[in-house]
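Here the structure comes first, spelled out in structure tokens, and everything after it is commentary.
Order of the sequence lines fixes the chain letters, A, B, ..., with proteins taken first and strands second; residue numbering starts at 1 for each chain.
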Protein chains: 4
Amino acid sequence: MISKTVVNKVPKKDKKQALLDSALALFVDQGFHATSTASIAKKAGVATGTLFHHFASKDALLNHLFMAVKLEFAEDISQGILTRGQTGKDLKSDAEHLWQHAIDWALQNPIKQRFFLQYSMSSEVDATIREQAMNSVLHFVVVLIEKGQQQGIIADFPIPLMLANCHGQYLAAIRYFTDHPQWGDDVSQRQASFELFWRSMKVD
Amino acid sequence: MISKTVVNKVPKKDKKQALLDSALALFVDQGFHATSTASIAKKAGVATGTLFHHFASKDALLNHLFMAVKLEFAEDISQGILTRGQTGKDLKSDAEHLWQHAIDWALQNPIKQRFFLQYSMSSEVDATIREQAMNSVLHFVVVLIEKGQQQGIIADFPIPLMLANCHGQYLAAIRYFTDHPQWGDDVSQRQASFELFWRSMKVD
Amino acid sequence: MISKTVVNKVPKKDKKQALLDSALALFVDQGFHATSTASIAKKAGVATGTLFHHFASKDALLNHLFMAVKLEFAEDISQGILTRGQTGKDLKSDAEHLWQHAIDWALQNPIKQRFFLQYSMSSEVDATIREQAMNSVLHFVVVLIEKGQQQGIIADFPIPLMLANCHGQYLAAIRYFTDHPQWGDDVSQRQASFELFWRSMKVD
Amino acid sequence: MISKTVVNKVPKKDKKQALLDSALALFVDQGFHATSTASIAKKAGVATGTLFHHFASKDALLNHLFMAVKLEFAEDISQGILTRGQTGKDLKSDAEHLWQHAIDWALQNPIKQRFFLQYSMSSEVDATIREQAMNSVLHFVVVLIEKGQQQGIIADFPIPLMLANCHGQYLAAIRYFTDHPQWGDDVSQRQASFELFWRSMKVD
DNA sequence: GATGAATGAGTCTTCATTCAT
DNA sequence: CATGAATGAAGACTCATTCAT
């Protein structure tokens with residue numbers, strides 16, 4: 001009786017998290033529409049109704065998932081920035097750290113990375129959610145660009161345009177490295193990918 | 001009775017084209033899965049069964065459409081290249097023409113442009129079709145890059161990486177200009193978008 | 001091949017009618033909500049999808065059914081009026097014919113009668129449909145009351161009130177006779193039911 | 001800790017009554033099947049499980065509610081009879097009092113009145129409960145009719161038939177007055193509704 | 001008594017596809 | 001070639017009810 005409480009105790013939030021995990025895997029694997037709510041529940045080891053107890057709808061689940069993954073990414077990146085020493089001294093080196101860290105994250109979280117690729121521009125995710133998530137993530141880049149422009153290191157193009165361009169180059173890079181996994185560890189290729197990015201931003 | 005045949009006669013291929021047109025509009029507007037074959041047929045003014053006379057399945061229709069739009073784009077771009085005078089003299093000016101022409105096409109074909117954005121990376125289109133279409137379009141760019149590298153004008157990074165990067169920047173640009181239509185006619189912004197692209201490619 | 005056409009020929013509208021028939025029986029037997037669309041289709045011998053090919057929704061099916069039954073009733077009653085000889089001479093006898101005919105119809109169409117009882121006031125049927133149907137049926141009664149009031153035979157109360165009262169008495173009568181089937185053929189009871197009705201309407 | 005018990009103490013039966021109140025409002029508003037037990041609990045401010053502590057099932061709740069409302073009505077009517085002076089002297093005046101009082105009750109308790117209209121004949125309420133409730137209420141009427149027949153004032157038709165007829169007329173009247181609220185205070189209409197009823201019952 | 005997370009059978013409805021005409 | 005009624009498997013979502021706390 002005493003131990004029963006201990007033994008059967010299931011960590012709270014476990015089911016909700018299990019649902020999110022299953023959904024992530026299945027959405028990436030089969031796409032949103034091809035994944036049934038029943039299959040998500042089954043993979044998570046819960047009843048179909050449980051999904052709808054935690055999320056109002058299949059769409060709500062996707063939106064929630066999207067936000068969660070984006071935040072996780074943002075947190076990881078911001079940790080990386082903080083743990084470095086006196087940042088701001090050498091902007092290019094800061095930028096490179098950011099870039100490589102972001103790509104590392106993608107390579108180390110291949111499912112989440114594919115999730116980004118598939119849903120970052122998909123209309124299946126709510127436009128507002130997408131924008132919100134995007135801003136939270138791209139904030140680092142805005143800060144970096146503004147600082148660089150003040151220092152005369154980064155070209156003086158409109159920030160929104162540069163931001164869009166950064167995002168596009170980042171998506172292209174992670175797609176490239178996941179399509180060709182063997183090159184993800186190739187220092188020269190990794191270096192090249194950053195160079196392409198940096199050249200477009202820096203002043204001549 | 002006699003005239004009826006004449007009057008009602010619909011030019012051949014009209015129905016097939018009507019189906020493609022309707023499908024394009026609806027797929028862009030509502031997404032692939034949210035668009036029923038019935039609604040496509042209705043918008044095209046034909047019976048539901050007719051769609052399956054012309055296309056083996058809904059998927060086949062999407063693939064066909066994808067290929068058709070990509071080819072149309074490729075053709076338009078290649079026309080643009082041919083109609084220019086002695087190309088090859090000034091590589092940067094060639095590249096700029098290509099870039100601006102490609103963006104113009106997107107701005108002048110907004111539905112098709114959105115179609116690109118939504119389906120270029122979607123798993124709903126067959127991977128082989130996608131790749132095939134991609135190559136046909138990007139071929140111009142390969143040619144350009146190779147020539148530039150030989151001339152020592154374009155940086156000597158691996159071509160597949162540069163290609164992926166180009167594609168990413170292009171998608172970012174057309175998304176930017178369609179999200180902010182008022183800037184599509186702004187020469188300085190258009191110029192800036194090319195500059196970003198060109199800097200990343202050229203040697204320092 | 002020749003006979004095939006004849007043999008396999010299924011009368012058009014058969015499936016739609018079969019669905020209506022099945023729905024009538026099941027709705028009366030189990031109630032609207034307790035009847036699944038699947039069971040209706042099954043009883044009608046068609047696929048589940050077929051129901052939705054003919055009716056936009058389960059609700060639409062109920063509304064359609066309600067209207068159809070009401071019209072059938074109205075038509076039967078109006079036939080009864082027309083086939084009688086010089087009507088209008090003796091108003092009381094006209095009224096009695098109408099009353100007994102209406103009760104006969106209910107006794108001879110027990111399922112449809114129960115359908116009336118259950119759905120005439122149910123909120124499951126669209127309010128507009130209900131009113132529309134009601135008016136078409138009660139029109140005879142309005143005509144009768146107005147004529148009677150002009151002749152000084154029928155009491156001069158507000159017509160809508162009298163109409164509501166008639167309807168209430170009719171529903172009570174058919175419920176009474178179907179709850180006690182053995183009295184439906186009892187002339188004195190049938191006579192009594194009319195007398196109750198007529199006394200309330202006539203002038204003293 | 002001590003005061004907590006006192007402060008939070010909710011008067012017993014409060015929750016049960018709250019559930020009945022919420023159920024009444026929702027059943028009338030949305031119908032029985034369209035009302036979820038969860039919504040009843042929510043409106044009552046209790047947990048979903050609590051409903052099932054007080055009522056064995058959703059059906060049991062409806063039956064309980066039906067009986068309670070009917071009894072409340074019966075009690076109110078019987079109070080009205082008792083508080084009048086020497087009843088029985090003038091039967092018609094007694095009947096009119098009964099009739100007007102019953103209609104007043106309906107007008108003053110619109111939700112309960114709608115509840116009657118919707119569930120008095122609905123198969124969702126247990127047939128036995130319905131009959132039981134009906135008898136308890138109509139008992140006054142039986143007494144009245146029998147007395148009237150003995151006195152030769154009321155027509156000598158079978159009592160069950162007259163009862164059913166009374167009920168039908170009553171339902172019609174309250175529906176009429178709630179559909180047209182402005183006439184509920186119109187003395188002549190109220191008088192007319194009684195006259196219709198009384199004429200059908202009295203001897204010529 | 002009270003709670004509310006969990007259940008899973010059951011519901012309506014959609015839709016790509018077929019085929020007799 | 002064209003039609004559109006028919007199909008039936010599959011899907012998202014609901015909800016009365018249970019039970020561990």
Side-chain angles (χ1 to χ4, degrees), chain A residues 4-5 8-10 12-16 33-42 45-61, chain B residues 8 10 12-13 15-16 33-42 45-61, chain C residues 4-5 8-10 12-16 33-42 45-61, chain D residues 8 10 12-13 15-16 33-42 45-61:
Chain A
K4 187 192 167 197
T5 316
N8 286 4
K9 195 85 170 195
V10 181
K12 317 120 180 269
K13 275 205 128 185
D14 227 11
K15 305 212 169 180
K16 186 169 183 175
H33 279 102
T35 302
S36 70
T37 54
S39 71
I40 297 170
K42 191 174 191 178
V46 303
T48 60
T50 304
L51 191 155
F52 293 93
H53 183 68
H54 292 288
F55 306 97
S57 66
K58 194 186 176 187
D59 280 289
L61 168 57
Chain B
N8 287 4
V10 181
K12 322 143 180 227
K13 276 209 123 184
K15 302 208 172 183
K16 184 168 185 175
H33 277 102
T35 303
S36 69
T37 55
S39 71
I40 298 170
K42 189 173 189 180
V46 304
T48 60
T50 304
L51 191 154
F52 293 90
H53 269 296
H54 294 288
F55 307 97
S57 68
K58 192 186 177 187
D59 281 292
L61 168 58
Chain C
K4 187 191 167 198
T5 316
N8 286 3
K9 194 85 170 197
V10 180
K12 317 120 180 269
K13 275 204 127 186
D14 226 11
K15 304 211 171 181
K16 186 168 183 176
H33 279 102
T35 302
S36 71
T37 54
S39 70
I40 297 170
K42 190 173 191 179
V46 303
T48 60
T50 304
L51 191 156
F52 292 92
H53 183 68
H54 291 288
F55 305 97
S57 66
K58 194 186 176 187
D59 279 290
L61 168 57
Chain D
N8 287 3
V10 181
K12 319 141 182 228
K13 276 209 126 184
K15 301 210 171 183
K16 185 168 184 176
H33 278 101
T35 302
S36 68
T37 54
S39 70
I40 297 170
K42 191 173 188 179
V46 304
T48 60
T50 305
L51 191 154
F52 292 90
H53 269 296
H54 295 287
F55 306 97
S57 68
K58 193 186 177 188
D59 281 291
L61 168 58

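Between the C1' atom of E:dA5 and the NZ atom of D:K42 lies a distance of 15 Å, rounded to the nearest Å. Distance CD1 (B:I40) to P (F:dT3): 15 Å, rounded to an integer number of Å.
Remark on DNA chain E: of its neighbouring residues A:T50 and D:G45, the 5'-side contact belongs to D:G45, judged by nearest-heavy-atom nucleotide. Each of C:V46 and D:G49 was assigned the nucleotide of DNA chain F with the nearest heavy atom; the assignment lying further toward the 5' end belongs to C:V46. Looking at which nucleotide of DNA chain E each of A:A47 and C:A38 is closest to, the 5′-most match is held by A:A47.
In DNA chain F, runs of at least 3 consecutive Watson-Crick or G-U pairs, each pair with both distances below 3.5 Å, span E:2-21 with F:2-21.
Of the candidate nucleotides F:dA2, E:dT11, F:dT7, F:dA2 has the atom nearest to the side chain of B:K15.
Atom OG1 of D:T37 and atom CG of D:L61 lie 9.5 Å apart (nearest 0.5 Å).
Checking the phosphate oxygens (OP1, OP2) of F:dA12, a side-chain nitrogen or oxygen of A:T37 falls inside 4.0 Å.
By the side chain to side chain donor-acceptor pair (under 3.5 Å) test, B:S36 pairs with B:S39, sequence neighbours left out. Applying the side chain to side chain donor-acceptor pair (under 3.5 Å) test to B:T35 and every residue at least two apart in sequence or in another chain returns B:Q30.
Taking a 4.0 Å limit (strictly below) on heavy-atom distances, residues 51-59 of chain D reaches DNA chain E at D:H53, D:H54.
B:S39 comes within 4.0 angstrom of no nucleic acid atom, judged by non-hydrogen atoms across all strands.
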Would you list the atom pairs, donor with acceptor, under 3.5 Å between side chains in residues 48-56 of chain B and any protein atom, with sequence neighbours excluded?
unit_1	atom_1	unit_2	atom_2	d
B:T50	OG1	B:A47	O	3.4

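For F:dG11, the base has no donor-acceptor partner in the side chain of A:S36 [N/O atoms by modelled type, under 3.5 angstrom].
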